[in-house]
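Data block below; observations after.
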There are 2 protein chains.
Amino acid sequence: MSNLNLPEAALSRLTVYQRALVELSDSGIKTVSSRELAEISGSNESKVRKDLSYLGSYGTRGVGYETERLIKEIGVVLGGSQPKPAVLVGIGNLGRALSQYEGFQVSGFPIVGLVDIDPDVVGETINGLTVKNLDQLEELVFQTSAVLGIVTTPAIAAQEVVDCLVEAGIRSILNFAPVVVDVVDEVEVRRVDLATEFQILGYYDHLRKFD
Amino acid sequence: MSNLNLPEAALSRLTVYQRALVELSDSGIKTVSSRELAEISGSNESKVRKDLSYLGSYGTRGVGYETERLIKEIGVVLGGSQPKPAVLVGIGNLGRALSQYEGFQVSGFPIVGLVDIDPDVVGETINGLTVKNLDQLEELVFQTSAVLGIVTTPAIAAQEVVDCLVEAGIRSILNFAPVVVDVVDEVEVRRVDLATEFQILGYYDHLRKFD
DNA sequence: TCGTGTGAATCACTTCACAGCT
DNA sequence: AGCTGTGAAGTGATTCACACGA
């Protein structure tokens, strides 16, 4: 089913278009042109048209795209819009913040389990969830049907935690630890590297002084 | 000075190499080959050599690269290794977490100011910093010599906050709000989009079911 | 006439392959 | 013999430009 070959770059823009489309739709706007959609998504019109063409031909020449229709079609491609529950491992500052961030719930990725190894933290209740120990991970994943893992541990612990997640059957992992982890090919790991983002900004800031 | 044309993709990998090199150096390792460095950074040897070649020719044929030397050279390119202080706007869950995250301090991006608009939050002290009101931003930037801005507000407030940051003289912004903001060309904005990361994972998870 | 859909052209990044230094 | 440095080839993404339908 839907075996379109969506380039990674287009994929990440589609999620941005979708959010923009939901906003448009909520304010009663029925159709939108590639130029308008580009404008509010920080893209450009060719890219928008090319990206949307991967989904099929859902636009009308001379008119534009129906917002409702596009939202539905993008939703189908992005994973059928069934919610995908996530477990979060590593209850430090960042872990606590993410576990309370409503945005994930709203986007269809509810956090349904919390895990740590620190005995001082295990047993604590955050946002209605009790923090479990790492050795209860497999059971937790089974009980909650979680399919996503979020790693917010220190760098040193990340590889072990990822191994446990994979062992427990998780195949999609978002890694906030500033380290590259090894996994088998069937597992998809995405890294969010805050220190790198800062350094890139720092680089451009530095460059600006020599123009 | 140093007007090399570093591709964006190489730039982000250099930050990863540097962290790996610091670890190697700390454990007493003096030289490293492109293959070894690739292994621990999740890259490959051609990419490592090409990336490092943008800095100049600091390797020794038949031997590899001196860890200390590379750390220094990457540091120079990434912005002279002077610390770049940052102000953070938006003291919600994520803002609180980031303001306590030691990683930034360590990487040379200390958070030196906190800002919000909620009167209940303004005046609060977090990690030794008192939260200021948005209208004190310009003064805060002036007093602290901040050069980076971090936006952790809700989407709806992000554009206004970014305008204030730019007004206050900030030219490099890291935006965690799930919205694309408009800025003049001289300002660099990088977006960290957590919802998009989840959706991309969700897409691959979905795909796996139809192989 | 307006805006989509798409081949073709361009640009950017990656990988290959090997000459040359140690 | 081993490993770097780098042109050249290959791959993938972006932009262009225009035919076509509403």
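The minimum heavy-atom distance linking B/V131 with B/V115 is given by the pair CG1-C, 4.0 Å.
Screening A/V179, A/V181, A/V161 for a side-chain contact (heavy atoms from CB on, under 4.5 Å) with A/V151, the sole residue that qualifies is A/V161.
Within the 4.0 Å cut-off from OP1 or OP2 of C/dT14, not a single side-chain nitrogen or oxygen of B/N44 is found. OP1 or OP2 of C/dT15 sits under 4.0 Å from a side-chain N or O of B/K47.
Rounded to an integer number of Å, the gap from B/E45 CD to C/dT15 P is 11 Å. The nearest whole Å value for the distance from the CD atom in B/E39 to the P atom in D/dC3 is 14 Å.
Picking from D/dT4, C/dT15, D/dC16 the nucleotide with the shortest atom distance to the side chain of B/S46 gives C/dT15. When each of C/dC13, C/dT15, D/dA17 is scored by its nearest atom to the side-chain atoms of B/A9, the top-ranked nucleotide is C/dC13. Picking from C/dG3, D/dC3, D/dA22 the nucleotide with the shortest atom distance to the side chain of B/S33 gives D/dC3. For A/Y65, taking side-chain heavy atoms from C-beta onward, the closest of the listed nucleotides C/dT4, C/dT22, D/dT15 is C/dT4. Across C/dC18, C/dT4, C/dT14, the shortest atom-to-atom separation from the side chain of B/R49 is found for C/dC18.
The base of D/dC20 sits with one of its N or O atoms less than 3.5 Å from a complementary donor or acceptor on the side chain of A/R61.
Note: B/Y65 and B/Y58 fail the aromatic proximity criterion, with ring centroids not under 6.0 Å apart.
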Begin with the C-alpha distance, continue with both residues' side-chain angles, and end with the deciding distance and a verdict on side chain to side chain contact (heavy atoms under 4.5 Å, CB included) for B/R190 and B/I173. CA-CA 6 Å; B/R190 294 189 67 83; B/I173 296 171; over 6 Å; no
